[in-house]
Amino acid sequence: MITKNTKIQNNQIFTSKANVLKLLQNQITQSKIEQMYYFTVLDWNKNHILILKNIKKIFKDSKNVIIRSSAKGEDSPDKSYAGAYESILNISPQSSNSLQNAIKSVIKSYIDNGNTNLENQVLIQNQASGIITSGVVFTRTPDIAAPYFVINFEEGGTTTH
């Protein structure tokens, strides 16, 4: 959780999923954010070979990674596009072909949804295992968008619901 001493403006938080997680990584103490690596669509277009090498190096000890969307504007203080873009589970970080196909699929999901911003990111993380509880924190109620924190969680071994 963000500590009460942390002063962060909404425009600093809601840039992309990867940027939010990076910001929170140094703030939370009771939870864990899995190791991550991210890059822009522009970076991918310029040098996907280097990116694949980086992923293999960073996640060399990981069994599986998840390839996640991290689009500009995916989440904001007013709207959430949670689930609008592709995320792909169970990718071997040592398989260039699997990585490349999954990354291309995430990028294609941006285009398919009309989001062609080259600053959109793709986020690679260790795929968590041994999940006890997973969930999402909302800053608005889902029914009337009242300004309250809502914590939606479930217990069990999955993070896909």
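Keep in mind it's a predicted model, so treat the numbers as computed, not measured. Note that the numbering runs from 1 along the sequence shown for the chain.
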Do any N or O atoms from the side chain of [X] and from the backbone of [Y] form a donor-acceptor pair under 3.5 angstrom?
X	Y	value
Ser105	Ala102	no
Gln127	Asn90	yes
Glu34	Ala128	no
Tyr110	Gln121	yes
Ser98	Ser92	no

Rounded to the nearest 0.5 Å, what separation is found between the [atom1] atom of [X] and the [atom2] atom of [Y]?
X	Y	atom1	atom2	value
Leu118	Thr116	CG	OG1	7.0 Å
Lys32	Asn126	NZ	CG	7.0 Å
Lys72	Asn19	NZ	CG	5.5 Å
Phe59	Ile91	CZ	CD1	13.0 Å
Gln125	Ile67	CD	CD1	10.0 Å
Ile58	Tyr37	CD1	OH	5.5 Å

> Can you find a heavy atom in the side chain of Asn64 that is under 4.5 Å from one in the side chain of Leu89?
Replying inline: no
> Taking the side chain as C-beta and beyond, is there a heavy-atom pair between Ile55 and Ile103 under 4.5 Å?
Replying inline: yes
How close do [X] and [Y] get, heavy atom to heavy atom, and via which atoms?
X	Y	answer
Ala71	Asn115	CB-ND2, 3.8 Å
Glu86	Ile88	CG-CG1, 3.7 Å
Lys63	Pro93	O-CD, 3.4 Å
Ser69	Ser87	N-OG, 3.6 Å
Leu123	Lys17	CD2-CD, 4.1 Å
Ala18	Ser70	N-OG, 2.9 Å

> Are Ile107 and Leu50 connected, step by step, through hydrophobic side chains (Ile, Leu, Val, Met, Phe, Trp, Tyr) whose heavy atoms are closer than 4.5 Å?
Replying inline: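 Result: no, two separate clusters.
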> According to a 4.5 Å side-chain heavy-atom criterion applied to Ile, Leu, Val, Met, Phe, Trp and Tyr, with indirect links allowed, do Val137 and Leu24 form part of one hydrophobic cluster?
Replying inline: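 Result: no, two separate clusters.
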>> Test side chain to side chain contact (heavy atoms under 4.5 Å, CB included) on Leu21 and Arg68; report intermediate values, then the result.
In response: CA-CA 12 Å; Leu21 291 174; Arg68 303 181 70 191; 3.8 Å; yes
> Does NZ belonging to Lys104 count more than 12 external heavy atoms closer than 6.0 Å?
Replying inline: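 Open.
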> Are Asn120 and Tyr85 close enough that a side-chain donor and a side-chain acceptor fall under 3.5 Å?
Replying inline: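 Side chains of Asn120 and Tyr85: no pair found under 3.5 Å.
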>> Show me the pairs that pass side-chain hydrogen bond (donor to acceptor under 3.5 Å, both in side chains) and involve residues 40-50, at least two apart or across chains.
In response: Thr40-Asp43
